[in-house]
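Just so it is clear, the model here is predicted, and its values are computed rather than measured.
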Amino acid sequence: SKKMDEQFDALVQKPHKQQQQQQQQQPNNDKTNNSSNNKNKVVVEQSEAAATTTTRELLSCGVYRADQIAVLLQHAKAGTVVVVDIDETLVMTPATSALLTNDGVRAFQQYMRMMPGDMRTKNAHCRRFQAVLDVKNLVERNTASVIQELQNKGCWVLGLTARYSSMAGRTNVTLFRQGIDLNVHSSLPRNQGLQDPETGALYSNGVIFCNAMDKGDVLNRFLSNVVFRGARLTRQPDGRVTSSQPIPPEVVFVDDRLSNCHSILHRCGVLQKLGVPVTCYHYTGAIKQQRARDGMRNLQAIMYAQIDHFVRVDPQATTVLTDAEALRVIADKRNRDGDSALEKQNHSSAASTANTVV
């Protein structure tokens with residue numbers, strides 16, 4: 001049904017549109033240098049939240065790659081605004097089942113469309129599956145601790161997600177359950193919602209829901225019309241530049257999509273206007289975990305086995321088979337099919353022998 005399709009469309013994060021025109025930036029902003037000379041020195045963190053060594057790799061002007069969220073603690077300074085993505089940056093679906101990936105969700109959706117039966121039964125399966133997808137884990141064990149330490153150092157940690165505004169309540173519950181409260185140091189009251197009349201983006205409890213709109217555009221409008229509204233820079237006789245309201249010493253952005261990092265750099269004109277330095281991190285912590293599935297044989301068969309078990313074998317299930325469990329199911333089925341074929345062959349041979357004797 002159309003309603004069911006819309007439910008699944010909201011579950012699969014839509015890729016952001018590439019912007020054909022970008023605001024002018026400093027020279028070489030868009031040039032990527034992958035040589036080893038671009039790798040920054042290893043930074044050793046002393047905090048409890050970052051007990052291990054963290055590294056970052058320079059990709060282009062203002063954009064780094066990092067696979068540990070603790071790299072953000074390099075920027076733990078009072079007044080700094082740290083803008084964080086939600087999915088595959090703070091939280092992720094447990095990387096134990098192919099069915100819980102975007103490809104798996106699409107496979108389940110296709111299965112529901114092709115499966116015979118009434119819509120009431122199909123919708124019940126969809127609701128159970130969505131409940132499974134709603135279960136999220138922290139990407140790293142210390143993710144919540146890093147966020148809390150940033151906040152303890154006086155940083156405002158602001159969420160910026162491609163999710164739709166209709167998922168605000170569910171998202172807030174997920175974050176709170178994982179020990180993350182993005183209302184800390186927010187310039188806006190808790191439980192106050194603000195919606196952009198032009199983009200439809202919603203701010204709720206420390207998170208901006210972009211409705212799959214370009215993140216750079218959405219953040220720029222939010223900062224311009226809410227956070228820095230009316231801010232003016234004035235040059236004093238002694239050469240100092242003062243602001244009519246507090247300006248952060250830095251804005252740091254972290255996201256698992258590199259295109260979003262470039263969008264923030266190129267489309268947040270208000271930060272350039274106010275002279276606020278911007279550092280972006282392409283975060284690969286979740287990607288590193290998911291790569292373990294890359295190249296796995298029989299991936300389609302694994303997803304089908306997981307769907308079949310969830311829908312047909314155990315229609316009341318509240319979890320899905322892990323990849324390892326699905327592989328065992330596939331192996332057992334092949335063994336049974338092999339035994340059945342062998343038994344049939346033996347029966348045929350015996351019958352043939354009996355006929356020959358007669």
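Checked by atom type and distance alone, the side chain of N298 never pairs as donor or acceptor with a backbone atom of A301 at under 3.5 Å. In this structure a side-chain-to-backbone donor-acceptor pair under 3.5 Å is present from T174 to R170. A donor-acceptor distance shorter than 3.5 angstrom exists from the side chain of E140 to the backbone of I69, with no hydrogens or angles considered. One N or O on the side chain of N220 and one on the backbone of V270 form a donor-acceptor pair closer than 3.5 Å. At least one donor-acceptor pair under 3.5 Å links the side chain of Q148 to the backbone N or O of G179. N211 places a side-chain N or O within donor-acceptor distance of the main-chain N or O of G200, the cut-off being under 3.5 Å. Although no hydrogens or angles enter the test, the distance criterion places no donor-acceptor pair under 3.5 Å between the side chain of T284 and the main chain of I287. No donor-acceptor pair under 3.5 Å is formed between the side chain of S60 and the backbone N or O of V63. Under the 3.5 Å distance criterion, the side-chain polar atoms of E250 are left unmatched by any main-chain donor or acceptor of K77. Between the side chain of D118 and the backbone N or O of T121, at least one donor-acceptor pair lies under 3.5 Å.
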- Message: Run L194 and L188 through side chain to side chain contact (heavy atoms under 4.5 Å, CB included) and show every step you take.
- Response: CA-CA 9 Å; L194 293 175; L188 299 172; 3.6 Å; yes
- Task: May I have the step-by-step check of side chain to side chain contact (heavy atoms under 4.5 Å, CB included) for D103 and R106, ending in yes or no?
- Result: CA-CA 5 Å; D103 288 339; R106 284 189 284 268; 2.6 Å; yes
- Yes or no on side chain to side chain contact (heavy atoms under 4.5 Å, CB included) for T161 and I208, after CA distance, side-chain angles and deciding distance? CA-CA 6 Å; T161 177; I208 300 174; over 6 Å; no
- Task: Quick one: do R113 and Q109 satisfy side chain to side chain contact (heavy atoms under 4.5 Å, CB included)? Show the steps, please.
- Result: CA-CA 6 Å; R113 287 174 174 169; Q109 180 181 13; 2.9 Å; yes
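In this model, a donor atom of one side chain and an acceptor atom of the other lie less than 3.5 Å apart for D214 and S263. N183 and S186 form no side-chain donor-acceptor contact under 3.5 Å, judged by distance and modelled atom types alone. If you check the side chains of Y281 and R65, you find no donor sitting under 3.5 Å from an acceptor. Y111 and H125 share no donor-acceptor pair across their side chains, judged by distance under 3.5 Å alone. Looking only at atom types and distance, the side chain of T199 has no donor-acceptor partner in the side chain of R221 under 3.5 Å away. Using a 3.5 Å distance cut-off with no hydrogens or angles, the side chains of Q306 and D323 do pair a donor with an acceptor.
Between the OG1 atom of T55 and the CD atom of Q68 there is a distance of 6.5 Å, given to the nearest 0.5 Å. Rounding to the nearest 0.5 Å places CD of E325 at 8.5 Å from OG1 of T96. Between atom OG of residue S204 and atom CD of residue Q195 there is a gap of 10.5 Å, rounded to the nearest 0.5 Å. The distance from the CG atom of D255 to the CG atom of N260 is 4.0 Å, given to the nearest 0.5 Å. One distance of note links OG1 of T319 with CG of L99; it measures 11.0 Å at 0.5 Å rounding. In this structure, CE in M303 is found 14.0 Å from CG in L321, a value given to the nearest 0.5 Å.
When every heavy atom of K136 is checked against every heavy atom of R163, the shortest pair comes out as CE-NH2, 3.8 Å. Counting all heavy atoms, side chain and backbone alike, N205 lies closest to L182 at O-CB, 4.1 Å. Annotation for R267 and D217: closest pair NE-OD1, 2.6 Å, computed over non-hydrogen atoms. Of all heavy-atom pairs between A162 and C210, the closest is CA-CB, 4.2 Å. The shortest heavy-atom contact between L202 and S165 is CB-CB, 3.7 Å. Across all their heavy atoms, A286 and M92 have their closest contact at CB-SD, 3.9 Å.
Taking a 6.0 Å sphere around CD of Q192, one finds it holds more than 12 heavy atoms contributed by other residues, nucleotides or ligands.
Side chains of V207 and L160 form no contact here, defined as non-hydrogen atoms less than 4.5 Å apart. Counting heavy atoms from C-beta on, the side chains of I86 and V91 come closer than 4.5 Å. A heavy-atom distance below 4.5 Å is found between the side chains of C268 and L219. Side chains of Y64 and L59 form no contact here, defined as non-hydrogen atoms less than 4.5 Å apart. Contact check for L73 versus E149: side-chain heavy atoms found under the 4.5 Å cut-off. Side-chain contact between I247 and V276 is present, with at least one heavy-atom pair separated by less than 4.5 Å. Annotation: side chain of Y283 is not in contact with side chain of C261 (no heavy-atom distance under 4.5 Å). In this structure, the side chains of V83 and V252 stay at 4.5 Å or more apart for every pair of heavy atoms.
Salt bridge absent: R257 and D85 never bring a charged side-chain N and a carboxylate O closer than 4.0 Å. Between D337 and R334, no side-chain nitrogen of the basic residue sits less than 4.0 Å from a carboxylate oxygen of the acidic one, so the salt-bridge criterion is not met.
Between F253 and H282, the distance separating the two ring centers is not shorter than 6.0 angstrom.
Cluster membership for M112 and V313, using ILVMFWY side-chain heavy atoms within less than 4.5 angstrom, is not shared. Taking hydrophobic clusters as Ile, Leu, Val, Met, Phe, Trp and Tyr residues chained together by side-chain heavy-atom distances below 4.5 Å, V105 does not share a cluster with V135. Residues M115 and I307 fall within the same hydrophobic cluster, defined by Ile, Leu, Val, Met, Phe, Trp and Tyr side chains chained together at heavy-atom separations under 4.5 Å. V226 and W156 fall within a single hydrophobic cluster, where Ile, Leu, Val, Met, Phe, Trp and Tyr are joined by side-chain heavy atoms under 4.5 Å apart, directly or via other members. Under a hydrophobic clustering in which Ile, Leu, Val, Met, Phe, Trp and Tyr are joined whenever their side-chain heavy atoms come within less than 4.5 Å, directly or via other members, V278 and L274 fall into the same cluster.
Note: F129 and F108 have parallel aromatic rings, judged against thresholds of 30 and 60 degrees for the angle between ring planes.
Stacking of R128 on the aromatic ring of F310 is recorded, both the 6.0 Å distance cut-off and the 45° axial limit being met.
Scored by the side-chain contact (heavy atoms from CB on, under 4.5 Å) test, V184 finds Q151, D181 as partners (sequence neighbours excluded).
Applying the ring pair (Phe, Tyr, Trp, His ring centres under 6.0 Å) test to every pair with at least one member in residues 170-226, sequence neighbours left out, gives these pairs: Y203-F222.
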